[in-house]
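Notes for the one structure printed next.
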Number of protein chains: 2
Amino acid sequence: MAGLAKGLAIIELFADGRESLTVADAATGTGLSRAAARRCLLTLAECGYLAFDGKFFHPLPRLLRLGFAYLNGDPLPRVAQPILESIRDRTGESISLAVLDGDDVLFIARAIATHLMVTGVAVGGRRPAHAMATGRVLLGGYSAKQLDAYFSRAHIAANTPKTIVDPTRIKAAITQSRLNGYAINDEELELGFRAIAVPVTDIQGRLVAALSVGFSSARSDNQSMIEEYLPLLKDGARTLGQVLPRDILATLL
Amino acid sequence: MAGLAKGLAIIELFADGRESLTVADAATGTGLSRAAARRCLLTLAECGYLAFDGKFFHPLPRLLRLGFAYLNGDPLPRVAQPILESIRDRTGESISLAVLDGDDVLFIARAIATHLMVTGVAVGGRRPAHAMATGRVLLGGYSAKQLDAYFSRAHIAANTPKTIVDPTRIKAAITQSRLNGYAINDEELELGFRAIAVPVTDIQGRLVAALSVGFSSARSDNQSMIEEYLPLLKDGARTLGQVLPRDILATLL
């Protein structure tokens, strides 16, 4: 692994929620030798991405620049933002846009509800795809062979008593979502949390992203969610699919 | 320059608003040889941070992970967010928290106004410090010697007819801001845009960040801005300074 790849792997440890790292933590977390981990951490500190207090390395604001290399460079989140906000204003609920990053769902844009009880998912956040409405929509773009490979790799855990953990049943839910044109998460990720997601496809019908609304299950049941939110999500996805710049789509697929 | 530092310098070119880069662009933008730039770009593509279409490299969502290494790892933006939102709800205007990153102001948290006319500054966005209310508050933490060095490096441009471009006058404004406990930007950055900023200091009195409100100058004049917004900003800054975790402050300074 080149020095660049090693250093980025260490930065990603912080993205997984670590607030500080020792040399030993970085070595363990990435599988690097302590010497290699130490060199990378010191380079990151020299470049101003990490602070070092003699024992722990801490993330510094300059790291934001690296993330915004994506948000500034890719028109997709920019183009999507006003569409997300318009759906948020009509539903009052949090609206998200997500893509697959490896096998994980990665949120790339959000419009946040004004309720006290909002979902904790943030732009840059990642979740396993199979247990989410958004993820099932995105896995709908996988072939049967890709799905088999996904389930051979995936760690499937029951987050709640409602979580479907049988791969055959999850695959059936993915197929059903593809046929329906939407997927639902009914408290499978967390009790009290519900979501509905629709695919965003470009003008050539290719799956680009998933648009979703997530909210407290105390505020809406599955039926009214489908009646009230689904048409707004579908409208938004259609608009977004039409305004997406062509040259960017090629890079996403 | 190590491979890691080179690769990060290339990623930062996208943060400056490039939507795509050729090998030649990356070499020119970083001062690397074409061979070195090419190796870095290909490593970044292999690691899933960039897409390559045969000519251009494009940023991929995985880059977000690197930025959120900061937002997930540093408690400051998390602790600040509800405070920013509370001030936003009481003023109706956009509230920002910023730190210095090198000589630039870097926004690390935002609560966005619901007006149609909102400011375009985003988390991860950067601006030259000297022309902003936020920047003048943060430059207030520089010694006279550090300020001289800053002005010897800074590119000072008149964005509007109101922009102060004389370093002596800017220094006087910084000193005045330090004495007042707030700084004002009265259409110096853009006609029609006004802002007021206050310092956030920790329990030991060290300058940690700046808290600001920015809005259309059509909605408030300087006097009512000071009467209405300043007390709310000062309250918020005091609260934030008190709840900041001690161990993190050490890494910011």
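Keep in mind it's a predicted model, so treat the numbers as computed, not measured. Lettering of chains follows the sequences in order, A, B, ..., and the numbering in each one begins at 1. Both backbone and side-chain heavy atoms feed into the values below; hydrogens, waters and symmetry mates do not.
The line from CG of B/L106 to CZ of A/R65 is 8.0 Å long, rounded to the nearest 0.5 Å. Note: A/I108 CD1 to B/L63 CG = 12.0 Å, rounded to the nearest 0.5 Å. Atoms CG and CG, from A/L4 and B/L41 in turn, are 9.5 Å apart once rounded to the nearest 0.5 Å.
The nearest pair of heavy atoms linking A/L64 to B/Y70 is CG-CD2, 3.6 Å.
Top candidate by heavy-atom pairs under 4.5 Å with chain B, chosen from A/T43, A/L66, A/D89, is A/L66.
Looking only at side-chain heavy atoms (C-beta outward), B/L8 and A/I11 come within less than 4.5 Å of each other.
Of the atoms belonging to B/Y49, it is side-chain heavy atoms, and not backbone ones, that fall under 4.5 Å from chain A.
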